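Note sheet for the following structure.
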Amino acid sequence: METPVRGWGADRVGNLTELVTAAMPAEALSADELLACCWDDPGVVLGATDGCGAIGAGVTRDADGQVTAVAVKLVAVHPGRRREGVGRALLAELEGWAWDQGAPAVTLGAAAPFYLWPGVDVRALAMSCLAEQAGYRDLGLALNMSVPSTFRAPVPEGYVVERVLEDADVARVDELVAGHWPEWTPETSIGLAQGSCFAAFDGDRRAVGFACHSVNRAGWFGPTGTDPACRRSGIGHALLAEVCRDAMVAGYPDVEISWIGPMRFYAKAGGSVSRVFRMLHKPKP
């Protein structure tokens, strides 16, 4: 059955939210999260004209406006319309758009800095089968871990950990991030703007660590970092503990750490692997 596909603008966020809720109810994605990830971050959303399915992708361009990367963030098909080729039609349409734009490849996942998942959940068998049938190959795995929101850790002597609210402290965190992890600036800016960023300050009020939450997904942890000169001092766990406290107040039993880096750090906080994702890749033919 042919599935006509058209571009969806941000005015269709309500339709996308209803579709995603029907297709993936356990994800509990809100309209605000979908709007921010699929439209506020530069990209493209294509949807079936009858609303039965949609696909969203992030698009990266160079200084001349040339598309250098296209990363699929979301594929959703209404449960009542599965096994009709809707997902295949959406992916093919997205690929055609990407090739027309000059993209060298399309990836499933790895859509930093703003994403809903780091890749295709290994439990999403239908999506993995669709990707393999369409010629995608593995780039590797990405792991999520979860830490109980009951986790607490002391602030090491000589430092304070506080929610970042004052303009001067925002500037201090911005300086820290720009100096060590400039690629995290867009995500950190969201955390700072919405008051979901904590920072560790030394006696001179210099920011030596930071941790944000609810940037891409409500209750999800990150980005976070500690000044290399201050690592192994307990600052990272003290920051994680403050995020856990926020999560507990909001009613979350756990804090989800997506696309983890140092597994041992979270394991020491009582964390465990919660989800596994495949990142896949298809070069332009």
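Computed from heavy atoms alone, side chains included, the values below leave out hydrogens, waters and symmetry copies. In this text, all values refer to a predicted model and were calculated from it rather than measured experimentally. In this chain, numbering begins with 1 at the start of the sequence shown.
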Check whether any side-chain heavy atom of Arg81 sits under 4.5 Å from a side-chain heavy atom of Asp50, and report yes or no.
yes

How about Trp259 and Phe221: are their ring centres within less than 6.0 Å of each other?
no

Taking C-beta and beyond as the side chain, do Arg172 and Phe201 meet within less than 4.5 Å on heavy atoms?
yes

Please check if the number of heavy atoms outside Gln194 that lie under 6.0 Å from its CD is greater than 12.
yes

Kindly indicate whether the side chain of Arg275, heavy atoms from C-beta on, has any atom under 4.5 Å from the side chain of Asp121.
yes

What about Val155 and Val160, same hydrophobic cluster or not, with Ile/Leu/Val/Met/Phe/Trp/Tyr joined at side-chain heavy-atom distances under 4.5 Å?
no

What's the separation between atom CZ in Arg137 and atom CG in Leu280, rounded to the nearest 0.5 Å?
9.0 Å

Between Val164 and Ala199, what is the shortest heavy-atom contact and its length?
CG2-CB, 3.5 Å

Measure from the side-chain N and O atoms of Asp227 to the backbone N and O of Ala229, and report whether any donor-acceptor pair falls under 3.5 Å.
yes

Between Phe277 and Val120, is there a side-chain heavy-atom distance shorter than 4.5 Å?
no

With a 3.5 Å distance limit and no angle check, can you tell me whether Asp204 reaches the backbone of Arg206 through a side-chain donor-acceptor pair?
no

Between Glu162 and Arg205 (salt bridge meaning N to carboxylate O under 4.0 Å), is one present in this structure?
yes

Shortest non-hydrogen contact from Ala103 to Val70?
CB-CG2, 3.8 Å

Applying side chain to side chain donor-acceptor pair (under 3.5 Å) to Asn144 and Ser258, what does each step give before you reach the verdict?
CA-CA 4 Å; Asn144 277 17; Ser258 182; 3.2 Å; yes

Let me see the working for Thr49 and Val5 under side chain to side chain contact (heavy atoms under 4.5 Å, CB included), right down to the final yes or no.
CA-CA 6 Å; Thr49 54; Val5 176; over 6 Å; no

Keeping the roles fixed (side chain from Lys284, backbone from Val106), state whether a donor-acceptor pair exists under 3.5 Å.
no

Out of Lys282, Arg278, Arg88, which residue meets the salt bridge (Lys or Arg N to Asp or Glu O under 4.0 Å) rule with Glu132?
Arg278

What distance do Trp39 atom CH2 and Leu34 atom CG have between them, rounded to the nearest 0.5 Å?
7.0 Å

Report yes or no: do Trp8 and Leu29 belong to one cluster of Ile/Leu/Val/Met/Phe/Trp/Tyr joined by side chain heavy-atom distances under 4.5 Å?
yes

Give a yes or no answer on whether the side chain of Thr107 reaches the backbone of His281 with a donor-acceptor pair at less than 3.5 Å.
no

Charged N to carboxylate O under 4.0 angstrom, Arg245 versus Glu242?
yes

Between Ser146 (side chain only) and Val255 (backbone N and O only), is there a donor and an acceptor less than 3.5 Å apart?
no

Is it the case that the side chain of Glu33 and the backbone of Ser30 share a donor-acceptor pair, with hydrogens and angles ignored and the cut-off at 3.5 Å?
yes

What heavy-atom pair brings Ala31 and Val13 nearest, and what distance separates the two atoms?
O-CG2, 3.6 Å

Would you say Lys73's side chain and Leu116's backbone share a donor-acceptor pair under 3.5 angstrom?
no

Interatomic distance, CG@Leu192 vs CG@Asp174, rounded to 0.5 Å, equals 5.5 Å

Could you tell me if the side chain of Pro42 sits less than 4.5 Å from the side chain of Arg61, heavy atoms only?
no

Can you find a pair of side-chain heavy atoms, one from Thr150 and one from Met248, that are under 4.5 Å apart?
yes

N/O donor-acceptor pair under 3.5 Å between Trp99 side chain and Leu94 backbone:
no

Any Phe151 side-chain heavy atom under 4.5 Å of Val243 side chain:
no

ring-ring contact (aromatic ring centres under 6.0 Å, His included) between Phe210 and Trp181, intermediate numbers included
CA-CA 11 Å; Phe210 79 103; Trp181 315 279; 5.7 Å; yes

Between CG of Leu35 and OG1 of Thr17, what distance do you get to the nearest 0.5 Å?
8.5 Å

Does the pair Glu27/Arg217 count as a salt bridge with the N-to-O cut at 4.0 Å?
yes

Can you tell me if Arg231 has over 12 outside heavy atoms packed within less than 6.0 Å of its CZ?
yes

Would a 4.5 Å heavy-atom cut-off, applied to side chains only, mark Val147 and Cys244 as touching?
yes

Within one Ile-Leu-Val-Met-Phe-Trp-Tyr cluster: Val59 and Val72, side-chain cutoff 4.5 Å
yes

Applying side chain to side chain contact (heavy atoms under 4.5 Å, CB included) to Val208 and Thr226, what does each step give before you reach the verdict?
CA-CA 6 Å; Val208 296; Thr226 300; 5.7 Å; no

Could you give the distance from CG (Asp40) to CG (Asp32), rounded to the nearest 0.5 Å?
9.5 Å

Decide if atom CD of Glu166 counts as having more than 12 heavy atoms of other residues, nucleotides or ligands within a radius under 6.0 Å.
no

Check this for me: Asp62, atom CG, are more than 12 non-hydrogen atoms of other residues, nucleotides or ligands nearer than 6.0 Å?
yes

Report the distance from atom CG of Leu91 to atom CD1 of Ile55, rounding to the nearest 0.5 Å.
5.0 Å

All heavy atoms of Leu240 vs all of Ala269, minimum pair found to be CD2-CB, 3.7 Å

Any donor-acceptor pair under 3.5 Å linking the side chain of Ser196 with the backbone of His213?
yes

I'd like to know if the side chain of Thr185 and the backbone of Pro182 have a donor-acceptor N/O pair within less than 3.5 Å.
yes

Run the numbers on Val177 and Val173 for side chain to side chain contact (heavy atoms under 4.5 Å, CB included), then give the verdict.
CA-CA 6 Å; Val177 174; Val173 172; 4.2 Å; yes

Would you check, one step at a time, whether the test side chain to side chain contact (heavy atoms under 4.5 Å, CB included) holds for Val86 with His78?
CA-CA 9 Å; Val86 176; His78 193 280; over 6 Å; no

Quick check: closest heavy atoms across Leu16 and Cys38, and the distance to 0.1 Å?
CD2-SG, 4.3 Å

Mind listing the closest non-hydrogen atom pair of Pro154 and Ala238 along with its distance?
O-CB, 3.6 Å

